[in-house]
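Every chain is numbered from 1 and lettered A, B, ... according to where its sequence line falls, protein lines coming before strand lines.
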Number of protein chains: 2
Amino acid sequence: MARDEAPSNPFNDKDALLANVALLYYGEGLTQSEIAKRLSVSRPTIVNMLRECRDRGIVEIRVDGEVLAASALSRQLVARYGLEDAYVSRCRIGGDKPPARGESLAQLARVAAMAVLDVVRPGDTVGVAWGETIKSVADAMPRQPVEDVTVCQMIGSMVSDRVAASEDCAIRIANCLNASCYTLHAPAVLSSRDLAASLRSEPTIAKQLERLQRLDVAIYSIGNTDPDTHLIAAGIATKDQVADAVDAGAAGILCCRYIDLNGNPVDLPPNERVVAVEVDHLRAAKRKLVVIAGQDRLRAAQAILNGKLATHLCVDEALAVALLQAD
Amino acid sequence: MARDEAPSNPFNDKDALLANVALLYYGEGLTQSEIAKRLSVSRPTIVNMLRECRDRGIVEIRVDGEVLAASALSRQLVARYGLEDAYVSRCRIGGDKPPARGESLAQLARVAAMAVLDVVRPGDTVGVAWGETIKSVADAMPRQPVEDVTVCQMIGSMVSDRVAASEDCAIRIANCLNASCYTLHAPAVLSSRDLAASLRSEPTIAKQLERLQRLDVAIYSIGNTDPDTHLIAAGIATKDQVADAVDAGAAGILCCRYIDLNGNPVDLPPNERVVAVEVDHLRAAKRKLVVIAGQDRLRAAQAILNGKLATHLCVDEALAVALLQAD
DNA sequence: CAATGTATTTTACAAATGTCAAAACGAAAA
DNA sequence: TTTTCGTTTTGACATTTGTAAAATACATTG
């Protein structure tokens with residue numbers, strides 16, 4: 001009976017022992033010394049085993065998403081904006097200064113990761129965006145298989161010095177969900193409108209874009225139109241182009257496309273050269289999980305909410321309060 | 001906006017804070033002191049919050065079932081007995097004396113609880129037996145919703161001084177899976193054959209028994225025919241009746257019914273007075289998770305395996321070794 | 001057989017956690 | 001306003017865990 005008899009099970013005898021040790025510690029509540037005694041090894045060996053369990057995902061520690069959506073702020077956001085659910089992350093209370101952006105984003109990402117598990121159901125086709133926020137969510141995801149799920153990359157490939165390549169988010173989330181993954185084999189933005197149109201007509205890409213027209217779930221964030229927006233940092237748009245878009249009414253940037261305060265697309269450069277899901281196709285998804293960090297994104301968040309572009313909202317406390325205080 | 005606007009969410013603002021604290025501790029890896037500082041509370045308050053999270057299932061700590069099925073013993077059992085999966089629990093290594101039954105059962109129950117989450121799929125109809133072993137499994141289950149699952153009690157109601165009422169296991173497992181639950185509103189054993197037949201014909205009970213004929217998953221254990229069997233302890237059969245059954249070839253007791261070494265039913269008292277799933281209907285289930293503790297149940301385990309009454313086996317190490325050493 | 005590399009054990013110590021009793025605090029009721 | 005009750009804080013201490021260096025053990029290689 002060769003080891004590769006069950007090629008789908010990549011674990012071995014030692015791994016099974018690790019799993020048993022994890023059950024004794026986390027499940028039975030034995031101390032490391034008690035376990036070491038039972039297994040006739042030293043306590044540091046047990047420490048190493050438990051660390052390996054956590055590091056490799058043999059043990060997963062999950063927080064109930066439903067509880068995360070239960071706060072007063074969450075309920076008020078649901079009532080105010082007609083959402084199915086709202087998740088508000090809190091990482092600091094009181095004090096005279098608010099949390100740093102990194103600290104807040106880290107906790108928001110964890111909350112959103114739990115929200116993903118709440119929102120995604122067996123059989124779903126899930127579109128995943130790309131950006132610093134979505135990348136953090138992907139990093140925070142535990143391994144939780146969901147049956148028959150397909151994950152699709154919604155924005156063409158792009159490399160930024162701030163975030164890894166855009167297919168990375170989709171692949172990572174697909175791995176956590178044990179899902180099939182369809183990446184979008186095209187740059188997010190082309191050099192000319194004609195070239196972008198040609199690429200969209202390529203059968204493999206056309207098929208993938210067609211898939212993005214009938215998503216069950218879409219997971220995305222929204223960017224600012226501030227001068228430090230990712231679009232400029234990634235060389236996709238110039239400062240002047242973004243300024244022109246703002247003048248024309250752009251309130252936020254959604255999957256590389258501008259939207260105005262009512263959630264309608266603003267068709268200005270580089271929109272015609274972009275290869276990504278259309279705003280209206282996002283709006284058509286049954287469940288839309290939008291993750292937004294920071295009070296500075298209030299206007300962009302309002303564009304999302306006014307444009308019915310979210311069914312499930314995940315924000316930090318500062319943005320939640322700002323959304324509730326806004327007219 | 002009244003609190004009962006979302007009646008399906010029974011949690012509140014404080015619960016949401018607990019969940020956030022849990023994410024900071026288990027997810028971010030902050031110490032209790034760091035969290036206390038951030039939230040402007042005392043460290044014992046954080047200790048209490050984390051304990052409440054664990055106690056109420058706001059936090060769940062899970063071990064990957066696939067890893068538990070990866071040991072050498074598991075692979076050998078799969079190969080030897082043609083199983084889909086085998087889970088072997090280990091709670092003690094080496095030493096000159098084996099683990100106590102209670103210690104072994106506790107760990108086996110935890111392993112089996114993880115196995116349940118591996119085996120049950122969305123849309124499944126799941127039959128659940130009753131007994132000390134299955135009760136322990138139910139107690140060890142984490143809260144893990146699985147879509148559209150129906151849980152059915154397979155053995156009529158019975159109260160024992162050793163285990164709670166038999167519908168308890170089914171209800172508890174149903175709650176963990178967020179499943180519908182159908183209990184079997186009849187005693188497990190009646191005083192006469194005619195009365196049992198009449199009860200089986202009652203529409204509600206007949207419907208429930210009919211449901212048990214087409215199970216996707218069945219979860220059960222098997223009992224011994226020793227004098228200390230539950231059947232005698234519960235007053236269902238006398239010592240003489242059990243002895244007669246053994247003389248007639250009974251090797252084990254499965255859902256209150258005798259089976260011989262080939263897994264065939266042995267139709268002796270109190271079989272005709274029993275209200276429970278039929279052995280052949282168990283055999284017909286697509287996935288059969290059988291949980292057996294103790295080397296003393298070798299013969300009963302062999303009856304199960306010979307009779308194709310298990311697709312997924314969950315045993316402790318002593319029984320695993322005994323099964324592999326048997327002819 | 002000796003040398004080498006890897007893993008575990010031993011030992012120690014700092015940090016974190018668990019637990020608890022007494023005191024303090026704040027809200028609600030009388 | 002006072003009393004009562006529940007919760008939290010304070011302070012302390014025992015236990016457990018995390019971490020690390022040195023020693024030991026064992027398997028592999030030349």
Side-chain angles (χ1 to χ4, degrees), chain A residues 3 10-63 67 70-72 90-96 103 106-107 110, chain B residues 3 10-63 67 70-72 90-96 103 106-107 110:
Chain A
R3 176 75 161 260
F11 300 102
N12 61 25
D13 203 52
K14 180 175 179 284
D15 296 333
L17 179 60
L18 294 183
N20 272 271
V21 166
L23 279 176
L24 290 170
Y25 184 73
Y26 290 108
E28 188 82 8
L30 299 185
T31 66
Q32 293 167 357
S33 298
E34 284 171 320
I35 298 173
K37 198 174 180 182
R38 282 197 188 188
L39 301 190
S40 305
V41 295
S42 66
R43 190 175 68 77
T45 299
I46 298 299
V47 174
N48 288 337
M49 284 177 161
L50 291 170
R51 177 188 298 118
E52 190 171 345
C53 283
R54 292 190 296 268
D55 287 349
R56 290 174 52 196
I58 292 174
V59 164
E60 291 285 356
I61 306 181
R62 270 191 52 187
V63 174
V67 186
S71 69
R90 301 168 84 181
C91 60
R92 192 173 282 275
I93 283 177
D96 46 349
E103 177 186 310
Q107 178 73 346
R110 294 194 188 283
Chain B
R3 177 70 161 261
F11 300 103
N12 62 25
D13 203 50
K14 181 176 178 284
D15 297 333
L17 180 60
L18 294 183
N20 272 271
V21 166
L23 278 175
L24 290 169
Y25 185 72
Y26 290 108
E28 190 82 8
L30 299 183
T31 66
Q32 293 168 354
S33 298
E34 283 171 322
I35 298 172
K37 199 172 178 182
R38 283 197 186 187
L39 301 191
S40 305
V41 296
S42 66
R43 191 177 67 80
T45 298
I46 299 299
V47 173
N48 288 339
M49 284 177 162
L50 291 170
R51 178 187 299 118
E52 189 172 345
C53 284
R54 291 190 297 270
D55 288 349
R56 290 173 53 195
I58 292 173
V59 163
E60 292 285 358
I61 306 180
R62 269 191 53 187
V63 173
V67 185
S71 69
R90 302 169 83 182
C91 58
R92 192 173 283 273
I93 283 178
D96 46 348
E103 177 186 311
Q107 179 73 347
R110 294 191 190 285

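Here the nucleotide nearest the side chain of A:Thr31, chosen from D:dG18, C:dA16, D:dT17, is D:dT17.
Scanning all heavy atoms of the two residues, the minimum distance from B:Ser33 to B:Arg43 falls at OG-CD, 3.5 Å. The two residues B:Ala22 and B:Leu50 have their closest heavy-atom pair at CA-CD2, 4.1 Å. Taking both residues in full, the closest heavy atoms of B:Met49 and B:Val21 are given as SD-CG2, 3.8 Å, listed atom of the first, atom of the second, then distance. Here the shortest heavy-atom pairing between B:Leu30 and B:Tyr25 reads O-CD1, 3.3 Å. Nearest heavy-atom pair, A:Ala19 versus A:Cys53, reported as atom, atom and distance to 0.1 Å: N-SG, 4.5 Å.
Nucleic acid contact class of B:Ser42 (heavy atoms, under 4.0 Å, all strands): base.
We find that CE of B:Met49 is positioned 17 Å from P of C:dT19, with the value rounded to whole Å. We find that CG of A:Leu50 is positioned 14 Å from P of C:dT8, with the value rounded to whole Å. Across the protein-nucleic acid pair, A:Leu39 atom CG and C:dT8 atom P stand 13 Å apart, rounded to whole Å. To the nearest angstrom, P of C:dG18 lies 11 Å from CD1 of B:Ile35. In this structure, the CZ atom of A:Arg51 is 13 Å from the P atom of C:dT8, given to the nearest Å. When the C1' atom of D:dT7 is taken as reference, atom CG of B:Asn48 falls 10 Å away, rounded to whole Å. Whole-Å rounding puts the B:Asp55 CG to C:dG18 P distance at 12 Å. When rounded to the nearest whole Å, the span between CG of A:Leu30 and P of D:dT16 equals 11 Å.
A salt bridge links A:Glu52 with A:Lys14: at least one charged nitrogen is closer than 4.0 Å to a carboxylate oxygen.
Inter-axis angle, ends of the helix from C:dC1-D:dG30 to C:dA30-D:dT1, five pairs per end, rounded to 10 degrees: 30°.
Checking the phosphate oxygens (OP1, OP2) of D:dT16, no side-chain nitrogen or oxygen of A:Tyr25 falls inside 4.0 Å. For B:Gln32, no side-chain nitrogen or oxygen approaches OP1 or OP2 of C:dA16 to under 4.0 Å.
Of the N and O atoms on the side chains of B:Tyr26 and A:Arg110, not one donor lies less than 3.5 Å from an acceptor on the other residue.
Residue-to-nucleotide contacts include a donor-acceptor pair under 3.5 Å from the side chain of A:Arg43 to the base of D:dG18.
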